[in-house]
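Inspection log for the structure reproduced underneath, given as structure tokens.
In this text the structure is predicted, and so the values were computed from the model without any measurement. Order of appearance sets the numbers: ligands from 1, and atoms from 1 within every ligand. Positions are given from 1 along the sequence.
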Amino acid sequence: MTNRVAEILNIEKPIIQAPLLWLTDAKLVSAVSNAGGLGVLGFNSGQRAVTRSLDTTIERMRSEINKVQAQTDNPFGLNLQGIKDNFFEPTLKLMIDEKVPVAAIAGDLDADCIKAIKDAGITVVYRPLNPSVEITKKAVEAGVDIIVATGFDEGGTVPEKVVGTLAIIPMIVDAAGSVPVMAAGGIVDKRTAKAVFSLGAEGLYVGTAFLLSDESRMADNIKELAIKSDADDLVFYRTQPAYYRSLPGELPNKLVEMSNNGASRSEIASASNGGDGMRLGMLEGDLSQGYASFGLGISQISKIESVSTIMDKLYAGVPVEN
Ligand SMILES: Cc1cc2nc3c(=O)[nH]c(=O)nc-3n(C[C@H](O)[C@H](O)[C@H](O)COP(=O)(O)O)c2cc1C
């Protein structure tokens, strides 16, 4: 099989396990990379508590990278902010020191950052949080290797514009010209994989399906609840920077009420314990203090399976010639 995404990433199957903050660790990432995809370590991967120290953050990440390297010889990636904040230079240096081959960037686009990463010989996968023709053209100009088109069906921070996966992929594929596009949002199995390839995507960028794997460190009670849930069971609320979906529960239900009653985005974000709400909900399994975010593909997931089984199901939808 020839596939440009697999070639660029130097992997067998054009499938990326999307960065998922706390929910990633060396075990999940190495399982995906060993199954022929690309695992990606997210922020706070492998951790259970926050640290405000930059040095500690970098050293914790180095240790998780080294654990991945002990468990696989295959390529893997690291989630990196594509803007010049305090973390950018130290994280880039860490990637260079530890020879991490791929940077998965989400959010704003800074052409100088892209250049610095590319100059270091690192492959750039760029996922705008709010995909558009304009940002895609800018990303192509900045020299990214792969662009991810994310539909509103995704889990995590949902795009500001309500454009579903079916509509966003051909739009971004047309704008990206010769740069290959991976699809994100609602892809969990053969059928959904086939659908996005037929729209012009050349790879799969998958979060929710890997959260519901044996190897994922998500709390067992949340896994159990999620496999029993369908897309229409998820509750939906405004927050910063855009929207979130969650399994219902004490805190998520309160956030929906605030959202419906016109509370501001910052009020809702602070009521959801900011970034800690995901750790409390998904890692600790406490929906009285946190939330649990999933994409709309959860309807098709009814059991917890191994990463290798999930990879087989996704890969079954990847055309042999594309
Ligand atoms: C719990 C959760 C946390 C996420 N955290 C991040 C993140 O830290 N960085 C990022 O780029 N994307 C993050 N995402 C979005 C994923 O990278 C990806 O776009 C999304 O999961 C794809 O949609 P799917 O969940 O329907 O497969 C997160 C998604 C989920 C469900």
Side-chain angles (χ1 to χ4, degrees), residues 15-25 28-29 32 37-45 47 61 77-83 87 102-109 124-131 146-159 164-166 168-169 172 181-189 192-193 195-196 201 203-213 216-219 222-223 226 231 234 239 241-247 252 272 274-285 290-301 310 313-314:
I15 301 169
I16 290 184
Q17 162 255 309
L20 305 154
L21 295 150
W22 302 93
L23 288 324
T24 60
D25 64 2
L28 177 67
V29 167
V32 173
L38 188 94
V40 179
L41 291 169
F43 305 131
N44 284 312
S45 80
Q47 306 302 322
M61 191 56 92
L78 192 74
N79 194 192
L80 182 67
Q81 292 273 28
I83 49 165
F87 287 93
V102 179
I105 297 176
D108 295 334
L109 179 82
V124 175
V125 179
Y126 175 58
R127 188 176 77 84
L129 283 183
N130 293 303
I146 294 171
I147 292 171
V148 183
T150 310
F152 196 72
D153 315 42
E154 76 159 334
T157 295
V158 179
T165 301
L166 195 65
I168 204 74
I169 294 168
I172 302 302
V181 172
M182 298 183 82
I187 304 152
V188 294
D189 58 7
T192 45
V196 296
L204 314 174
Y205 197 88
V206 176
T208 294
F210 289 118
L211 285 173
L212 295 168
S213 66
S216 134
R217 66 198 298 257
M218 190 165 65
I222 301 298
K223 286 187 184 177
L234 297 172
T239 183
Y243 301 96
Y244 252 88
R245 292 191 178 88
S246 173
L247 290 173
S272 68
D276 220 25
M278 181 177 290
R279 181 184 69 78
L280 292 164
M282 301 183 84
L283 198 58
E284 306 301 342
Y291 51 85
S293 165
F294 295 96
L296 298 181
I298 60 162
S299 316
Q300 290 96 266
I301 304 175
I310 295 165
K313 287 185 176 176
L314 291 166

Counting from 1, what ligand 1 atoms have a heavy atom of G155 closer than 4.0 Å? 15 (C), 20 (C), 21 (O), 23 (O), 24 (P), 25 (O), 26 (O), 29 (C), 30 (C), 31 (C)
T208 neighbourhood, listing ligand 1 atoms whose heavy-atom distance to it stays under 4.0 Å: 24 (P), 25 (O), 26 (O), 27 (O)
Hey, does the side chain of D189 reach the backbone of T192 with a donor-acceptor pair shorter than 3.5 angstrom? yes
May I ask you to identify the nearest protein heavy atom to atom 9 (N) of ligand 1, giving residue, atom name and distance to one decimal place in Å? N79 OD1, 3.2 Å
Have a look at T165, L212, L129, L20 and point out the one with the heavy atom closest to atom 30 (C) of ligand 1. L20
Interatomic distance, CG@L166 vs CG@D153, rounded to 0.5 Å, equals 8.5 Å
So which heavy atom in the protein is nearest atom 16 (C) of ligand 1, and how far is it from that ligand atom? A18 CB, 3.5 Å
Report the nearest protein non-hydrogen atom to atom 26 (O) of ligand 1: residue, atom name, distance rounded to 0.1 Å. G186 N, 2.8 Å
Of L211, I222, N44, which meets side-chain contact (heavy atoms from CB on, under 4.5 Å) against L23? L211
Does A106, backbone or side chain, put an N or O under 3.5 Å from an N or O of ligand 1? no
With heavy-atom distances below 4.0 Å as the criterion, list the atoms of ligand 1 near S293. 1 (C), 31 (C)
Atom pair CG (L129) and OG1 (T150), whose distance is rounded to the nearest 0.5 Å: 7.5 Å
Residue M282 vicinity, atoms of ligand 1 by number, heavy atom under 4.0 Å: 1 (C)
Measuring from atom 20 (C) of ligand 1, which candidate in R127, E154, Q17, M218 has the nearest non-hydrogen atom? E154
Can you name the closest pair of heavy atoms from N79 and V40 and give their distance? N-CG1, 3.7 Å
First locate atom CG of L314, then atom CD1 of I187, and finally report the distance between them rounded to the nearest 0.5 Å. 8.5 Å
The option among G156, A104, P19 carrying the non-hydrogen atom nearest to atom 13 (C) of ligand 1 is P19
Contacting atoms of ligand 1, where contact means under 4.0 angstrom from a heavy atom of V206: 27 (O)
Ignoring angles and geometry beyond distance, decide whether G207 reaches within less than 3.5 Å of ligand 1 through its nitrogen or oxygen atoms. yes
What protein heavy atom lies closest to atom 8 (O) of ligand 1? Include the residue and the distance to one decimal. L21 CG, 3.0 Å
